[in-house]
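Note that the structure is a prediction, hence the values are computed from the model and not measured.
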Amino acid sequence: MNHLCACPHCDALHRRPALRRGEKALCVRCGSVLVRRHRLAPDHILALVVAAVMVFAIANAFPIVDLRIQGLRGGTTLSGAVAALWSEGRQPMAMLVCATTQVFPLLDLGCMLALLLTASRPGRPAWFGPLLRFVQEMRPWGMVEVFMLGVVVSLVKLSGMATILPGKALLAFALLTVLMAAILSFHPHQLWNEPEHE
């Protein structure tokens, strides 16, 4: 059955085509993308995931901005902002920010790391398929790019009232957004059909 694949939109059954990197096959019935093979090899995506984990650690270890207003100076990390929201009685908002900017992106990176390390070895463990499905279900909840956009809009609005200096974490979040975009363009289910040794 591995030589067959079904169109995800119209369920038409096709013989699985052999694709080179960057190529895609279209359904002959509805024209939707049937199978796609990413331009980057799993080893390249693995390097991006490792880099993203390191950048994620930097983004959470340093202050996002250095805020100076009327002689007062302050700055906080993302974890500090979540704790501040919690202490101000905004627990649902604190949990949402923590989940979408820390928990889900870190889970995504950890699962991708496990899948990519396993995919390069001969034989796949029983948890490989369920973990692939879990990653696909979880991905819409990671919103680092939305957080980054919100921070930029807030900084623009505050720029007229205070002196704002970008911190290391802000630059790390910008880099993390780019890395996550590249990683998320790789659909994990491609690993299922990826040759174990190439």
How many angstroms lie between [atom1] in [X] and [atom2] in [Y], if you round to the nearest 0.5 Å?
| X | Y | atom1 | atom2 | value |
| --- | --- | --- | --- | --- |
| L115 | L132 | CG | CG | 5.0 Å |
| L191 | I45 | CG | CD1 | 9.0 Å |
| L46 | L40 | CG | CG | 12.0 Å |
| L170 | L175 | CG | CG | 11.5 Å |
| L184 | D108 | CG | CG | 6.0 Å |
| C98 | L85 | SG | CG | 10.5 Å |

Practice task
For side chain to side chain contact (heavy atoms under 4.5 Å, CB included), just list the numbers for S32 and C10, CA-CA rounded to whole Å, side-chain angles, deciding distance to a tenth of an Å, and then say yes or no.
Solution key: CA-CA 9 Å; S32 61; C10 70; 5.8 Å; no
Handout entry: Co-members of the apolar cluster containing V178 [side chain, <4.5 Å]
Key =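 Same cluster as V178: nobody, lone residue.
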Problem - Residues clustering with L26 (ILVMFWY side chains joined when closer than 4.5 Å, directly or via others) - result: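 Other cluster members: V33.
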Handout entry: T77/I64 under side chain to side chain contact (heavy atoms under 4.5 Å, CB included): CA gap, chis, key distance, verdict
Key = CA-CA 6 Å; T77 61; I64 299 171; 5.8 Å; no
Listed partners of [X] passing side-chain contact (heavy atoms from CB on, under 4.5 Å), at least two apart:
| X | value |
| --- | --- |
| R39 | none |
| A52 | L109, L176, L179, I183 |
| S185 | H38 |
| V28 | H14 |

Problem - Expected output: side-chain R36 to main-chain E23 donor-acceptor under 3.5 Å - result: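 A pair under 3.5 Å: no.
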Distance-minimising heavy-atom pair for [X] and [Y]:
| X | Y | answer |
| --- | --- | --- |
| V55 | A172 | CG1-O, 3.1 Å |
| A25 | L19 | N-CD1, 4.1 Å |
| L116 | P42 | CD2-O, 3.6 Å |
| A99 | P105 | O-CD, 3.9 Å |

Handout entry: F128/T118 under side chain to side chain contact (heavy atoms under 4.5 Å, CB included): CA gap, chis, key distance, verdict
Key = CA-CA 8 Å; F128 194 84; T118 307; 4.0 Å; yes
Handout entry: Pairs meeting criterion salt bridge (Lys or Arg N to Asp or Glu O under 4.0 Å) with involvement of residues 45-57, two or more places apart
Key =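 Sorted result for residues 45-57: empty, none.
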Exercise for the section: Show the numbers, then the answer: is there a side chain to side chain contact (heavy atoms under 4.5 Å, CB included) between F186 and M112? Expected result: CA-CA 10 Å; F186 182 85; M112 282 299 293; 4.1 Å; yes
Exercise for the section: For the residue pair L4 and R16, establish whether any side-chain heavy-atom pair is separated by less than 4.5 Å. Expected result: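 No. Closest side-chain heavy atoms not under 4.5 Å.
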Exercise for the section: Would you list the pairs meeting side chain to side chain donor-acceptor pair (under 3.5 Å) in which at least one residue belongs to residues 128-137, sequence neighbours left out? Expected result: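 As it turns out, the side chain to side chain donor-acceptor pair (under 3.5 Å) pairs with a partner in residues 128-137, which skip direct neighbours, are Q136-H189.
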Problem - Contact list for residues 83-107, test side chain to side chain donor-acceptor pair (under 3.5 Å), sequence neighbours left out - result: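 Residue pairs with at least one partner in residues 83-107: N60-Q102, S79-Q102.
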Check the hydrophobic clustering (I, L, V, M, F, W, Y; side-chain heavy atoms under 4.5 Å; chains of links allowed) and say if [X] and [Y] are grouped together.
| X | Y | answer |
| --- | --- | --- |
| I58 | M180 | no |
| L113 | L106 | yes |
| L78 | M54 | yes |

Problem - ring-ring contact (aromatic ring centres under 6.0 Å, His included) partners of residues 154-182, not counting sequence neighbours, each pair once - result: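 Every pair satisfying ring-ring contact (aromatic ring centres under 6.0 Å, His included) with a residue in residues 154-182: F147-F173.
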Problem - Any pair counted as ring-ring contact (aromatic ring centres under 6.0 Å, His included), so long as it reaches residues 40-75, sequence neighbours left out - result: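 Checked against ring-ring contact (aromatic ring centres under 6.0 Å, His included) - neighbours excluded - no pair reaches residues 40-75.
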Practice task
Decide if atom CE of M93 counts as having more than 12 heavy atoms of other residues, nucleotides or ligands within a radius under 6.0 Å.
Solution key: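 Atom CE in M93 is not packed in, count stays at 12 or less.
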Problem - Qualifying residues under salt bridge (Lys or Arg N to Asp or Glu O under 4.0 Å), relative to R15, sequence neighbours excluded - result: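 R15 satisfies salt bridge (Lys or Arg N to Asp or Glu O under 4.0 Å) with no residue once adjacent residues are dropped.
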